[in-house]
Every structure is written in C-alpha cells, then in structure tokens.
Amino acid sequence: MKTIIRQFVSAVLLITVMSAGLYASEARKADVVTIKTSAICGSCKARIEKVVKAVEGVDAVLLNMNNKKLKVKYDPDKTSPERLREVISAAGYDADNVKKNPDAFSKLPQCCQTPMEGDMH
C-alpha cells in the first residue's frame, strides 16, 4: 500500500513539474513590440487594431491615440515585427519606417486621410 501511495505521489509531482515547465516555456514565447503609426482618428484605431489582431500569433493589440503608438504582444515563432509593419502598411497606414500603401490609403474614409494640424500623414 505504501508503494502505491509513493508511486502516486511521485506521478503527481512529476506531472506538476512538467506542467510548470511547459507553462514557463509557453509564457516566454510572447514578445512585445511598439510601432509608431500614422493613425489620426477612432476609425484608424479600430481598423489598425483589427488587421493586426487577425495576424496569426498576435495575442494582444492596443493603439494609444495620444502618441499613435501600437503595442502588440505576439508569439515570435508565428510572426515578427516586420510582418506586423507590413500588415499595417497594407491597411493604408505608416508603421515606423514602413510607409503606407498608397492604394490602401486612398480607399480609407476621408477622416482617415485628413491629417490634423501638425500631423504628417
């Protein structure tokens, strides 16, 4: 009986340790990148967050309209900052040094094409 209990406890401990190790390795996979965008309004914010969230490997997205910086939590095994910038550009917006796609920009609503005073859109 003691042997069975000892084996059971050992098995439970082994599973716990393995699970913790797996969780720790998964937790380490997430990276965060901050990308400066050319967003100017709430529609821009919604559009950019939507296209970036659709990228495989993206866990969380938040665009701060005060500084126009997009923070993205992502799995580096599934995507990259370069890919995220390309997606933002393809949606019609600048993303750091990657310029907006002119065709996509021309299809944005007028409010998204009209820079506010002091903005370089």
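Predicted model only: the values in this text are computed from it and were never measured.
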Quick check: closest heavy atoms across [X] and [Y], and the distance to 0.1 Å?
X: C111; Y: I40; result: O-CD1, 3.1 Å
X: A30; Y: K73; result: CB-CE, 3.6 Å
X: A90; Y: A104; result: O-CB, 3.1 Å

- Message: By the definition side-chain contact (heavy atoms from CB on, under 4.5 Å), identify the one residue from V72, V33, D31 that meets it with P81.
- Response: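 Only one option passes, and that is V33.
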- Message: Is there a continuous path of hydrophobic side-chain contacts, each under 4.5 Å between heavy atoms, that joins I88 to V98?
- Response: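 Per the 4.5 Å side-chain linkage, I88 and V98 are not co-clustered.
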- side-chain hydrogen bond (donor to acceptor under 3.5 Å, both in side chains) against S43, all qualifying residues, sequence neighbours excluded: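 With neighbours one apart ignored, the set is empty.
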- Gap between atom CG of N101 and atom OG of S106 - 0.5 Å precision: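 S106 OG to N101 CG: 8.0 Å, rounded to 0.5 Å.
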- Item | SG-CD1 distance between C112 and I48, expressed to the nearest 0.5 angstrom |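 Answer rounded to 0.5 Å: 8.5 Å.
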- Task: For residues 36-47, pull every pair meeting salt bridge (charged side-chain N to carboxylate O under 4.0 Å, His left out), keeping only residues two or more places apart or in separate chains.
- Result: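 Output for this query lists K45-E49.
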- Message: Tell me every residue that passes salt bridge (Lys or Arg N to Asp or Glu O under 4.0 Å) with D103, counting only those two or more places apart in sequence or in another chain.
- Response: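 Checked D103 against salt bridge (Lys or Arg N to Asp or Glu O under 4.0 Å); zero matches.
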- Results of salt bridge (Lys or Arg N to Asp or Glu O under 4.0 Å) for R85 - residues two or more places apart only: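 Residues passing salt bridge (Lys or Arg N to Asp or Glu O under 4.0 Å) with R85: D96.
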Indicate every side-chain donor-acceptor pair of residues 51-67 with a distance under 3.5 Å to a residue at least two apart or in another chain.
unit_1	atom_1	unit_2	atom_2	d
N64	OD1	N66	N	2.7
N64	OD1	N67	N	3.4
N67	OD1	K69	N	2.9

- Query: Can the positive tip of K100 be found less than 6.0 Å from the middle of the six-membered ring of F105, inside 45° of the ring normal?
  - Reply: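 Pair K100/F105 counts as cation-pi.
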- Task: Not counting sequence neighbours, which residues clear side chain to side chain contact (heavy atoms under 4.5 Å, CB included) with E86? List them please.
- Result: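 Result, side chain to side chain contact (heavy atoms under 4.5 Å, CB included) vs E86: R83.
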